[in-house]
Amino acid sequence: MRWRAAPAKPWAAQNVAPPYPQALPQRMAVMPVPLTLAQILAEPTLPAPAGDPIAAACARMRGAGQWHSRQSLGRRFATGCIALEVTQRCNLDCSLCYLSDNAEAIHDIPLAELLRRIAAIRAAFGPHTEIQVTGGDPTLRDRAELVAVVRAIAAADMRASLFTNGIRATRDLLAELAAAGLNDVAFHVDLTQGRAGYSTEAALNGVRRDYIDRTRGLPLAVVFNTTVFAGNIAEVPMLAGFFRDHAAAVNLASFQLQAATGRGTLGGRAAPISKDSVAAALAAGLGTRMRFDSLAVGHADCNRYGLSLIAAGRAHDLLDDPAVVAAMLEAMGTAPFDRVRPARRAGQLIARVLARPRQAARILPWVVAKLWAMRRDLVAARFRAAKLTFFIHDFMDAAALAPERIAACAFLVATAEGPMSMCLHNARREQMLLRPLAAAEGWWDPLTGETRPEPLQPAPPPLTRKTAKGRRRAEIDHRMGR
């Protein structure tokens with residue numbers, strides 16, 4: 001299945017890219033500097049891989065100079081994840097929001113188009129692909145349609161994750177989505193959201209505990225997202241400790257670094273916020289040394305990945321030996337693992353390792369040594385332990401996109417034309433989201449929600465205080481003397 005909704009209509013074909021993936025390395029050789037605005041607007045989507053998606057991802061990593069024995073893209077995954085934006089509306093106004101100025105004026109994409117994109121993702125990237133059902137906040141979408149989206153992802157044998165600020169993610173809704181096939185729920189909670197009554201991340205831990213309680217007993221893996229900026233960098237160690245103490249309920253804690261993209265008011269970051277400083281802060285909060293560079297997920301300038309085992313309130317690094325990480329990647333292959341039931345996941349992993357003697361010879365001595373080092377904590381915890389993953393993502397500023405990072409992107413967005421790097425999509429949101437979409441009856445207009453026989457030239461609507469957020473609302477307030 002092709003990504004374009006209506007290849008017979010020339011308007012939808014303006015961004016067709018050269019054959020995948022050969023064009024990407026060639027462009028890198030002549031564009032070593034950040035992309036200009038004109039280049040950003042002309043940058044094509046990544047064409048859906050033809051043939052084996054894992055092999056295509058491997059070719060992408062090789063072309064971007066990111067291929068080695070610990071690279072998971074092209075070895076274990078065809079892509080890290082693909083965002084499916086089901087709405088642009090949001091019930092918060094974050095100071096570091098990546099949405100566009102006109103997000104509140106855009107109608108929700110028709111369900112039929114979302115289902116088409118789900119089918120296209122399955123055809124291009126295969127089963128077990130991670131799909132982030134996101135927005136805006138997806139809980140603002142019609143509930144029946146949101147459930148239908150999750151059910152379609154599950155029916156295609158892919159993994160659905162709900163990305164939400166949690167305000168409208170009630171226990172009842174989460175239970176219904178879990179029954180429809182939802183695998184994960186990722187709650188975004190931090191100070192950039194301006195939640196009334198909360199002035200510190202420590203105070204927001206009350207919100208986090210409430211969200212954890214909502215998911216108890218549901219077959220969902222729980223994730224927390226945090227945007228790191230000057231206002232909370234000092235509290236990152238505290239957050240690491242909070243997630244460590246709740247590792248029995250929290251599977252992953254993701255930290256996104258401040259970036260100048262979207263409609264937010266804060267803009268770009270300054271020192272000391274970097275991947276390395278956040279990794280050091282996380283290790284300090286966990287109270288142990290942690291390696292965040294052993295396992296690669298896409299481009300090294302974009303991501304850091306940490307994996308710990310928590311027993312008796314103490315964290316133990318599971319990625320401290322790069323050679324073991326490489327052997328484990330070989331042993332795991334592309335097999336899926338249960339993220340919700342730890343005992344089953346452990347059994348699946350043990351079976352994979354024991355079936356591969358060469359990798360087992362490298363892994364098993366490390367396992368024995370690790371268990372011995374953890375012996376006191378394991379005994380104190382009655383041999384109960386919880387896996388806790390940390391992820392650090394460094395989004396690029398919209399005006400400083402590096403083509404080699406786009407080429408090796410692990411975080412894609414499903415668009416009408418094809419998969420696109422999230423950083424590139426953030427830089428092009430106005431262009432992408434104001435376009436009419438090809439539909440069976442003609443062209444769907446995102447500004448009116450109507451279908452017309454021919455596409456109208458997209459033009460931004462006039463913003464009012466009701467439809468403006470971020471910088472634009474601040475400008476309107478200033479003009480109004482507020």
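At a threshold of 4.5 Å between non-hydrogen side-chain atoms, the residues L182 and L220 count as touching. At least one side-chain heavy atom of I363 sits less than 4.5 Å from a side-chain heavy atom of M328. In this structure the side chain of L433 never reaches within 4.5 angstrom of the side chain of N102, judged on heavy atoms. Residues L329 and L295 have side chains in contact (heavy-atom distance under 4.5 Å, counting atoms from C-beta outward). Side-chain contact between R429 and L99: present, with at least one pair of heavy atoms (C-beta onward) separated by less than 4.5 Å. Between H425 and T415, some side-chain heavy-atom pair lies under the 4.5 Å cut-off. Taking 4.5 Å as the limit, every side-chain heavy atom of S421 sits out of range of all side-chain heavy atoms of F411. Using a 4.5 Å heavy-atom cutoff, the side chains of V86 and I109 are not in contact.
Between S254 atom OG and H188 atom NE2 the span is 9.0 Å, to the nearest 0.5 Å. With rounding to the nearest 0.5 Å, the separation of CG in L388 from NE2 in H246 is 11.5 Å. The CZ atom of F292 lies 5.0 Å from the CD1 atom of I392; values are rounded to the nearest 0.5 Å. Atom CG of N232 is separated from atom OG1 of T227 by 8.0 Å, given to the nearest 0.5 angstrom. H316 NE2 to R289 CZ: the interatomic distance, rounded to the nearest 0.5 Å, is 15.0 Å. L218 contributes atom CG, which lies 10.0 Å from atom CG of L177 (distance to the nearest 0.5 angstrom).
A salt bridge (Lys or Arg N to Asp or Glu O under 4.0 Å) with D321 holds for exactly one of R362, R291, K370; it is R362.
Under 4.0 Å is where a charged nitrogen must lie from a carboxylate oxygen, and between E330 and R75 no such pair does. For K275 and D394, the salt-bridge test passes: some basic side-chain N is under 4.0 Å from an acidic carboxylate O. Residues E430 and R435 are not paired through a salt bridge, judged by the lack of any N-O separation under 4.0 Å between the basic side chain and the carboxylate. Between D377 and R384 no salt bridge is recorded (no basic side-chain N to carboxylate O distance below 4.0 Å).
Taking every heavy atom of both residues into account, A57 and A78 meet most closely at CB-O, 3.3 Å. A407 approaches R60 most closely through the heavy-atom pair O-NH1, 3.0 Å. Heavy atoms only, all atoms of each residue included: L115 and A152 are closest at CD2-CB, 3.6 Å. Of all heavy-atom pairs spanning A281 and V236, the tightest one is CB-CG1, 3.7 Å. Here the closest heavy-atom approach between residue V147 and residue A180 is recorded as CG1-CB, 3.9 Å. Among all heavy-atom pairs drawn from C423 and M396, the shortest one is SG-N, 3.3 Å.
Side chain of Q258 to main chain of G268: a donor-acceptor pair is present (N/O by atom type, distance under 3.5 Å, no hydrogens or angles). The main-chain N or O of L140 is found under 3.5 Å from a side-chain atom of R89 such that the two form a donor-acceptor pair. Of the possible polar contacts, none joining the N225 side chain to the F187 backbone as a donor-acceptor pair under 3.5 Å is found. Although no hydrogens or angles enter the test, the distance criterion places no donor-acceptor pair under 3.5 Å between the side chain of E85 and the main chain of T87. Remark: the backbone N or O of D320 is not paired with any side-chain donor or acceptor of S294 at under 3.5 angstrom. A donor-acceptor pair under 3.5 Å is formed between the side chain of R269 and the backbone N or O of I273. The backbone N or O of I82 lies less than 3.5 Å from no partner atom in the side chain of E130, so there is not a single donor-acceptor pair. R356 contributes a side-chain N or O that, together with a main-chain N or O of R352, makes up a donor-acceptor pair within less than 3.5 Å. A donor-acceptor pair is defined here as one N or O able to donate and one able to accept, closer than 3.5 Å; no such pair exists between the side chain of D397 and the backbone of A399.
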Handout entry: Worked verdict on T226 versus V189 for side-chain contact (heavy atoms from CB on, under 4.5 Å)
Key = CA-CA 6 Å; T226 304; V189 180; over 6 Å; no
Practice task
Please lay out, stage by stage, how R345 and Q348 fare under the test side chain to side chain donor-acceptor pair (under 3.5 Å).
Solution key: CA-CA 5 Å; R345 179 175 63 237; Q348 292 170 330; over 6 Å; no
Handout entry: Pair R208-E201, salt bridge (Lys or Arg N to Asp or Glu O under 4.0 Å): steps then yes or no
Key = CA-CA 10 Å; R208 296 182 179 99; E201 294 292 349; 2.6 Å; yes
Exercise for the section: For R263 and Y98, run side-chain contact (heavy atoms from CB on, under 4.5 Å): C-alpha distance rounded to whole Å, both residues' side-chain angles, the deciding distance at 0.1 Å, then the answer. Expected result: CA-CA 6 Å; R263 67 188 182 191; Y98 58 83; over 6 Å; no
Handout entry: Stepwise side-chain contact (heavy atoms from CB on, under 4.5 Å) test for Q132 and L84
Key = CA-CA 6 Å; Q132 296 182 354; L84 182 71; over 6 Å; no
Handout entry: Residues V250, V223; criterion side-chain contact (heavy atoms from CB on, under 4.5 Å); working and verdict
Key = CA-CA 6 Å; V250 177; V223 176; over 6 Å; no
Exercise for the section: Begin from the C-alpha positions of R304 and D293 and carry the test salt bridge (Lys or Arg N to Asp or Glu O under 4.0 Å) through to its verdict. Expected result: CA-CA 6 Å; R304 294 284 188 275; D293 61 349; over 6 Å; no
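Note on ring orientation: taking the six-membered ring where Trp is involved, the planes of Y305 and F391 are perpendicular (angle over 60°, cut-offs 30° and 60°). Taking the six-membered ring where tryptophan is involved, the planes of F224 and Y211 are essentially parallel, since the angle between them stays under 30° and well short of 60°.
The 12-atom threshold is not exceeded at CZ of R314, counting heavy atoms of other residues, nucleotides or ligands nearer than 6.0 Å.
Remark: the T139 side chain and the D137 side chain contain an N/O donor-acceptor pair separated by less than 3.5 Å.
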